[in-house]
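Written below as C-alpha cells is the structure these notes are about.
In what follows, every chain begins at residue 1, and chains take the letters A, B, ... in the order their sequences are listed.
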Protein chains: 2
Amino acid sequence: MSRDQISTKSRILDTTWSLLETGKSAVRMSDIAKAVGISRQALYLHFPTRAELLVATTRHIDDVKNVEARLEKSRSATTGIDRLHAFIEAWGGYIPEIIGVSAALRAMRDAESAKAWDDRMQAVRHGCEAAVRAIAEDGRLKPELTQRDATDLLWTLLSVETWERLVRDCGWTQDRYEQTIKDLAEAALVARG
Amino acid sequence: MSRDQISTKSRILDTTWSLLETGKSAVRMSDIAKAVGISRQALYLHFPTRAELLVATTRHIDDVKNVEARLEKSRSATTGIDRLHAFIEAWGGYIPEIIGVSAALRAMRDAESAKAWDDRMQAVRHGCEAAVRAIAEDGRLKPELTQRDATDLLWTLLSVETWERLVRDCGWTQDRYEQTIKDLAEAALVARG
DNA sequence: CCGCAACTTGACGCCATGTCAAGAGATCAG
DNA sequence: CTGATCTCTTGACATGGCGTCAAGTTGCGG
C-alpha cells in the first residue's frame, strides 16, 4: 500500500478529477486508466464501479478543497443577511470546482449515482435552510413566505443548473454570478426595511 | 401510407410521447416498438435514430398542443409587464407537457440531440428577449440592467431545470410555480414604480 | 399476376461497463 | 532461500443498448 510515494488510489482520484474538469463529455474508464498509466482492470481493483469512482472523486475534492472550512465561515456570520451572503459565496464559489464531476454524476442514469448526487444536494439544502432560519430570526423574512418556501426558492437559485445557465451558457463571470444571486435572493426572501 | 386509419408514424409518436410522460427513466427503442405493437426494426423504417424520433416527438407535441397559438397570446399583450406575465404563463405552462421528452433529449449525450434541445432553448430565449424589450420600451427595465443581462436572467428563471426543481423536487403546484416566477422576474427586472 | 410498400424474423457489429482467469513481479515473514 | 501475499497485467468474455443487414411475408393497386 505504501510502496508508491503517492498511492495509486489517490493518483486515480486526482486524474479522474482533472479529466472531468477538462469538460470533455466522454470520460470512460479506459480514458482514466490510460491517463493514470495503469490497466483498465486495475481501476476495478480500487473502485468497483464507475459510479463509486465518481462519488469517491467528489469526496476527494471536498477533502482537497476543504469544503468544511469554507462553510464554517457562513455559519459564523452574525446577521441573517450576512449569513445568506456568506453561504452564497461559499457554495456558489464551490460550484466551479466540482462542476465536472457533478456533470458526470448527473449524466449517470443509475440509482446509486442519483442517490449520491441527491445526498449532496440535500446537504446544500440544509445550508439554505440555515440561512433562511437566520433571516427569519432577525425578523427579516418576507411575511408571505414560510421558511420552507423560502428554502425551496434559495435552493433553486443556488442549483448547479442555474450556475451552468448563467456562467457557462451566458458567459457570466463568477463574480457577477455571485452578486446577482445575492441580489436575487434578497429580493425574493428579505422584507424591505 | 393511408392504409391504416391512423398512420403508423403517428402511432409511434403518440406512443413515444405517452411512454416518456410516464416518467420511467429507461424508454428504449424496444419498449416503444412493443407498446406500438410493431417490431423494433419497423421503428427504424420511420425514424433513422432514437435522437430523431425524440426530436420528431417534440415537434409532434408542438402540433398537438398548438404551441404557436399559446405564444400568440403573449405577443399581443399591450404593456411590457403584461407581456412578461403572458409569456411566463405560456412557456411555464408548456413545460409540464414536454417534460418527459425534454428529459429524454437532455439525457442523450450525442451532438444531434444536444443541438435539437439547444435550438428549442434558443427559441425560448427569443421569447424572453421580446418580453424584456417590451419592458424596456415602457421605460420600466431596471436601469442597472442591459437588455442582454435581463434576458439572461429571465431565461434562467424560466429554464426547465428551475421548473423541475420547484415543481418536481419541491412539490410545488403549477400555479404556485407560475406565480412565484412572475414575482421573481418582476423583482429582478422591473424598476420599482 | 406483378410489383411495391410496410412490416417481420433473426442475425450481426459496435461500444462501454463490468467479470473472470491466469499469470508476473515485488516485498515480507520465517 | 522459499513461500505467501499484494498489486498489477494481459486477454478473453458477458451484457445491454443502438443501429444495420438480409431474406422473407402480407396485402393492396395496377
Side-chain angles (χ1 to χ4, degrees), chain A residues 1-16 19-20 22 24-57 100-101 103-117, chain B residues 1-16 19-20 22 24-57 100-101 103-117:
Chain A
M1 183 65 85
S2 58
R3 188 178 31 173
D4 306 293
Q5 295 212 322
I6 298 169
S7 76
T8 304
K9 205 155 190 160
S10 334
R11 278 191 300 135
I12 292 171
L13 291 170
D14 285 332
T15 306
T16 304
L19 280 182
L20 288 171
T22 66
K24 306 273 179 212
S25 56
V27 175
R28 289 155 296 193
M29 292 300 266
S30 54
D31 295 330
I32 297 167
K34 195 192 292 179
V36 176
I38 60 177
S39 68
R40 189 173 69 89
Q41 285 64 18
L43 236 44
Y44 287 98
L45 297 176
H46 295 278
F47 302 96
T49 64
R50 187 169 181 276
E52 292 199 29
L53 170 54
L54 293 178
V55 172
T57 303
V101 66
L105 209 47
R106 281 176 292 148
M108 305 267 309
R109 318 304 296 161
D110 68 290
E112 189 194 349
S113 310
K115 179 162 188 330
W117 180 246
Chain B
M1 184 64 84
S2 59
R3 189 177 29 167
D4 307 294
Q5 295 212 325
I6 300 169
S7 77
T8 305
K9 205 156 191 159
S10 332
R11 278 190 301 134
I12 293 172
L13 292 170
D14 284 332
T15 305
T16 304
L19 280 182
L20 288 170
T22 67
K24 305 274 179 210
S25 56
V27 175
R28 290 154 296 192
M29 293 299 267
S30 53
D31 296 329
I32 297 167
K34 195 193 293 180
V36 176
I38 60 177
S39 68
R40 188 173 70 90
Q41 285 63 17
L43 236 43
Y44 288 99
L45 298 176
H46 295 278
F47 303 96
T49 65
R50 187 169 182 276
E52 292 200 28
L53 170 55
L54 292 178
V55 173
T57 303
V101 66
L105 209 46
R106 282 176 293 149
M108 305 268 308
R109 318 305 298 160
D110 68 288
E112 189 194 348
S113 310
K115 180 163 186 331
W117 180 247

Sugar-phosphate, base or nothing in reach of B:L45, heavy atoms under 4.0 Å: base
Report the distance from atom [atom1] of [X] to atom [atom2] of [N], rounded to the nearest whole Å.
| X | N | atom1 | atom2 | result |
| --- | --- | --- | --- | --- |
| B:R28 | D:dT15 | CZ | C1' | 13 Å |
| A:M108 | C:dT17 | CE | P | 9 Å |
| B:M29 | C:dT8 | CE | P | 14 Å |
| A:L53 | C:dG18 | CG | P | 10 Å |
| A:F47 | D:dC8 | CZ | C1' | 15 Å |
| A:E52 | C:dG18 | CD | C1' | 13 Å |
| A:R109 | C:dA16 | CZ | C1' | 16 Å |
| B:L43 | C:dT9 | CG | P | 14 Å |

Pair B:R50-B:R28, side-chain contact (heavy atoms from CB on, under 4.5 Å): steps then yes or no: CA-CA 9 Å; B:R50 187 169 182 276; B:R28 290 154 296 192; 5.9 Å; no
Phosphate OP1/OP2 of C:dA6 contacted by B:T8 side-chain N/O (<4.0 Å): no
Nearest-nucleotide pick for [X], side chain only, options being [options]:
| X | options | value |
| --- | --- | --- |
| A:H46 | D:dC8, C:dG10, C:dA16 | D:dC8 |
| A:Y44 | D:dT9, C:dT9, C:dG18 | C:dG18 |
| A:T49 | D:dC8, C:dG18, C:dT17 | C:dG18 |
| B:Q41 | C:dG18, D:dT20, D:dG19 | D:dT20 |

Atom pair CD/CG of A:E112 and A:L54 - distance to nearest 0.5 Å: 9.5 Å
Pairwise distance CD1(B:I32) to CZ(B:F47) - rounded to 0.5 angstrom: 9.5 Å
5'-most by nearest nucleotide on DNA chain C - B:R40 or B:G37: B:G37
Any side-chain heavy-atom pair of A:D14 and A:T57 under 4.5 Å: no
Single hit among B:D31, B:T15, B:L19 for side chain to side chain contact (heavy atoms under 4.5 Å, CB included) with B:V36: B:T15
